[in-house]
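One-based numbering, in listed order, for ligands and for the atoms of each. Counting begins at 1 with the first residue of the sequence. Only heavy atoms go into these numbers, but all of them, side chains included; no hydrogens, no water, no symmetry mates.
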Amino acid sequence: MPSEPIYVITGASKGIGLETLKYLVEVPGYIISVSRTIPEELSKILNANTSKIAHFCGKVEDPEISKMVIRTIEEKGGKLNALILNVGIAPIAPIDKIDADVWRAVFDINFFSMVDLAQRAIPYLKKAKGRVIMLSSGAAVNAKNGWSIYCCTKACVNMFAKVLSLEQSDIKTIALRPGVVNTGMQEEIRKQMKNGFTKEDIEKFKNYEKNKELKDPKEPASVIFNLAIPENEFPMELNGEFVSIDDEKLAKFKTFKPE
Ligand SMILES: NC(=O)c1ccc[n+]([C@@H]2O[C@H](COP(=O)([O-])OP(=O)(O)OC[C@H]3O[C@@H](n4cnc5c(N)ncnc54)[C@H](OP(=O)(O)O)[C@@H]3O)[C@@H](O)[C@H]2O)c1
């Protein structure tokens, strides 16, 4: 009998990660999730799925968390079908106001945590011919005043995805651009944007909310879910690429249609 698929998802407590987790619990498989907190909605999901989800409460940048994730993959048979690297934070400040320690701390969360978990997971992903789905951003390719750290970490994510796909022919990799999504991250951006965004960008980000232009997090989550499950063939032309969830080539993966 084939073993059930195993999925790992980081940042599963809120926003895009939580919506992706909700899709994953509806299909056969075992889920290993990570976040620092367990808000009520996640708590209900965990309590209703005790035999289906192992949740680790901690920081993605803590290698002990990665080790616990890997131990659980081993205990569950040692094959990993999809590694969803979703955690990201987006602090805003001009370069001359950011200490090097802050750069290092954010790089640890947004980038080195991905490197650490992906690297440890390679042998298990290879066994399942699995997928690595990394959450990137338009900020990876569009410079913005005040967003140096975020832009740089996401640019690194894109290149990491590309090289991983070159080196590991058994693993499929993609760096996704989810668009501007209605999550806690956007709330946080609106709170912080006066710290470094230009007047034009402040207006733009205010208007996303005012004009209801923010995407429902279910939209990117449906794309992530459909790229993760082994029932769907991975779009090989996108292997290693940085791709918007609105790209025509991902249309059939976007099963949540906004009204
Ligand atoms: N929202 C957007 O408009 C947008 C646009 C482009 C790209 N993205 C990218 O999409 C991804 C998800 O964003 P989102 O909008 O869903 O963000 P979000 O609503 O802020 O959720 C972030 C998730 O990451 C977790 N997290 C944050 N820091 C962590 C840490 N150090 N260790 C463990 N977990 C941590 C949070 O949970 P806890 O607080 O419980 O730890 C939460 O579950 C990010 O990589 C982001 O850069 C988002």
Side-chain angles (χ1 to χ4, degrees), residues 8-23 31-43 45-46 55-66 68-69 83-92 102 104-114 116-117 132-142 144 147 149-158 160-161 174-193 201 204-209 212-225 242-246:
V8 170
I9 177 161
T10 67
S13 66
K14 297 167 196 153
I16 297 169
L18 177 65
E19 293 305 326
T20 307
L21 180 75
K22 287 192 207 163
Y23 278 110
I31 305 157
I32 304 163
S33 53
V34 179
S35 65
R36 291 167 307 177
T37 66
I38 304 186
E40 201 180 333
E41 207 175 349
L42 174 63
S43 174
I45 295 171
L46 298 180
H55 186 81
F56 292 107
C57 214
K59 296 177 178 176
V60 273
E61 64 273 29
D62 176 359
E64 290 307 314
I65 292 288
S66 302
M68 287 195 278
V69 167
L83 174 61
I84 302 163
L85 298 167
N86 165 67
V87 167
I89 60 167
I92 299 166
V102 176
R104 289 191 194 99
V106 181
F107 256 86
D108 269 346
I109 296 166
N110 283 13
F111 181 59
F112 291 122
S113 71
M114 290 197 186
D116 183 49
L117 199 45
V132 183
I133 300 159
M134 303 180 195
L135 270 290
S136 183
S137 166
V141 290
N142 296 309
K144 220 174 247 319
W147 240 9
I149 308 186
Y150 188 62
C151 292
C152 290
T153 57
K154 293 299 188 184
C156 286
V157 169
N158 288 3
F160 183 64
I174 193 164
L176 281 182
R177 176 180 184 169
V180 191
V181 188
N182 196 4
T183 67
M185 173 176 274
Q186 285 296 325
E187 275 174 41
E188 200 48 45
I189 291 169
R190 288 193 297 273
K191 272 191 229 156
Q192 286 187 45
M193 58 194 180
D201 280 334
K204 198 163 112 184
F205 275 74
K206 270 193 203 158
N207 283 337
Y208 286 142
E209 190 199 20
K212 303 201 180 323
E213 288 164 1
L214 295 164
K215 284 190 164 88
D216 188 316
K218 290 187 177 70
E219 203 179 324
S222 71
V223 176
I224 297 166
F225 163 74
F242 168 53
V243 190
S244 161
I245 64 148
D246 297 324

(message) When you measure from the heavy atoms of G138 to every atom of ligand 1, does any distance fall below 4.0 Å?
(response) no
(message) How long is the straight-line distance from NZ of K215 back to CD1 of I16, given to the nearest 0.5 Å?
(response) 9.5 Å
(request) Name the closest protein heavy atom to atom 37 (O) of ligand 1, giving the residue it belongs to and the distance to 0.1 Å. (result) S13 OG, 2.8 Å
(request) Please work out which of the three classes, parallel, tilted or perpendicular, describes the rings of Y150 and W147, given edges at 30° and 60°. (result) tilted
(message) Heavy-atom distances under 4.0 Å decide this one: backbone, side chain, both or neither, for Q186 against ligand 1?
(response) side chain
(message) Working note: L83 + I133, criterion side-chain contact (heavy atoms from CB on, under 4.5 Å); need CA distance, chi angles, decisive distance, verdict.
(response) CA-CA 6 Å; L83 174 61; I133 300 159; over 6 Å; no
(message) Which of the numbered atoms in ligand 1 are under 4.0 angstrom from any heavy atom belonging to E61?
(response) 30 (C), 31 (N), 32 (N)
(request) Note the single closest protein heavy atom to atom 16 (O) of ligand 1, along with its residue, its atom name and the distance in Å. (result) I16 N, 2.8 Å
(request) Taking S222 for its side chain and E219 for its backbone only, find out whether a donor-acceptor pair lies under 3.5 Å. (result) yes
(request) State if K154 counts as touching ligand 1 under the rule of any non-hydrogen atom under 4.0 Å. (result) yes
(message) Does any N or O of ligand 1 fall below 3.5 Å from an N or O anywhere on G11, backbone included?
(response) yes
(request) Nearest 0.5 Å please: distance from the CD1 atom of I65 over to the CG atom of D116. (result) 11.0 Å
(message) As an exercise, identify every atom of ligand 1 less than 4.0 angstrom from a heavy atom of G58.
(response) 32 (N), 33 (C)
(request) Record the part of P217 in heavy-atom contact with ligand 1 below 4.0 Å; permitted values are side chain, backbone, both and neither. (result) neither
(message) With a heavy-atom distance limit of 4.0 Å, tell me whether P178 approaches ligand 1 through its side chain, its backbone, both, or neither.
(response) side chain
(request) Please report which non-hydrogen protein atom sits nearest to atom 32 (N) of ligand 1, along with the residue it belongs to and the distance in Å to one decimal place. (result) V60 N, 2.9 Å
(message) Heavy-atom distances under 4.0 Å decide this one: backbone, side chain, both or neither, for A139 against ligand 1?
(response) neither
(message) What's the separation between atom CD1 in I9 and atom CG in N86, rounded to the nearest 0.5 Å?
(response) 5.5 Å
(message) Using a 4.0 Å cutoff against the non-hydrogen atoms of Y150, which atoms of ligand 1 qualify?
(response) 6 (C), 7 (C), 8 (N), 9 (C), 46 (C), 47 (O)
(message) Rounded to the nearest 0.5 Å, what separates atom NZ in K154 from atom CZ in R177?
(response) 12.5 Å
(request) Check the pair L18 / I45 against side-chain contact (heavy atoms from CB on, under 4.5 Å), numbers first and verdict last. (result) CA-CA 10 Å; L18 177 65; I45 295 171; 3.9 Å; yes
(request) Would you tell me whether H55 and S35 have side-chain atoms, one donor and one acceptor, within less than 3.5 Å of each other? (result) yes
(message) Taking E41 first and then K14, would you say they form a salt bridge - that is, a charged N and a carboxylate O separated by under 4.0 Å?
(response) no
(request) Could you check atom 12 (C) of ligand 1 against the protein and tell me its nearest heavy-atom contact, residue, atom and distance included? (result) N86 OD1, 3.1 Å
(request) Could you tell me the residue and atom name of the protein heavy atom closest to atom 30 (C) of ligand 1, and the distance to it rounded to 0.1 Å? (result) R36 CD, 3.6 Å
(request) Could you list which atoms of ligand 1 come closer than 4.0 Å to a heavy atom of A12? (result) 43 (O)
(request) Take every heavy atom of G179, measure it against each atom of ligand 1, and state whether any distance is under 4.0 Å. (result) yes
(request) Go through ligand 1 atom by atom and flag the ones less than 4.0 Å from a non-hydrogen atom of V180. (result) 3 (O)
(message) Between ligand 1 and I89, is the shortest N or O to N or O distance under 3.5 Å?
(response) no
For residues 178-186, please give each side-chain donor-acceptor pair under 3.5 Å, one per line with the distance, not counting sequence neighbours.
from: T183; atom 1: OG1; to: M185; atom 2: N; distance (Å): 3.1

(request) Kindly confirm or rule out an N or O of V34 lying under 3.5 angstrom from an N or O of ligand 1. (result) no
(request) Before signing off on this row, confirm whether I109 and ligand 1 have an N or O atom pair separated by under 3.5 Å. (result) no
Side chains of residues 56-64: which donor-acceptor partners sit under 3.5 Å, not counting sequence neighbours?
from: D62; atom 1: OD1; to: E64; atom 2: N; distance (Å): 2.9
from: E64; atom 1: OE2; to: K67; atom 2: NZ; distance (Å): 3.1

(message) Which residue and atom name correspond to the protein heavy atom nearest atom 39 (O) of ligand 1, and how close is it?
(response) K14 NZ, 2.7 Å
(request) Supply the atom-to-atom distance L42 CG to S33 OG, rounded to the nearest 0.5 angstrom. (result) 6.0 Å
(message) If you apply the rule side-chain contact (heavy atoms from CB on, under 4.5 Å), what do you find for L117 with T10, and how did you get there?
(response) CA-CA 10 Å; L117 199 45; T10 67; 3.8 Å; yes
(request) For atom 17 (O) of ligand 1, grab the closest protein heavy atom and report residue, atom and distance to one decimal in Å. (result) M185 CB, 3.7 Å
(request) Could you see which bit of N110 sits under 4.0 Å from ligand 1, with heavy atoms only: side chain, backbone, both or neither? (result) neither
(request) State the atoms of ligand 1, each with its element, that fall below the 4.0 Å cut-off from a heavy-atom position in G15. (result) 16 (O), 19 (O)
(message) If I take atom CD from residue E209 and atom CD from residue E187, how far apart are they, to the nearest 0.5 angstrom?
(response) 8.0 Å
(message) Is the ring pair F111/F160 parallel, tilted or perpendicular, if the boundaries are 30 and 60 degrees?
(response) perpendicular
(message) Out of all atoms in ligand 1, which are within 4.0 Å of some heavy atom of G184? Include the element for each.
(response) 19 (O)
(message) Using a 4.0 Å cutoff against the non-hydrogen atoms of S137, which atoms of ligand 1 qualify?
(response) 6 (C), 7 (C)
(message) Please list the nearest protein heavy atom to atom 22 (C) of ligand 1 with its residue and the distance rounded to 0.1 Å.
(response) G88 O, 4.5 Å
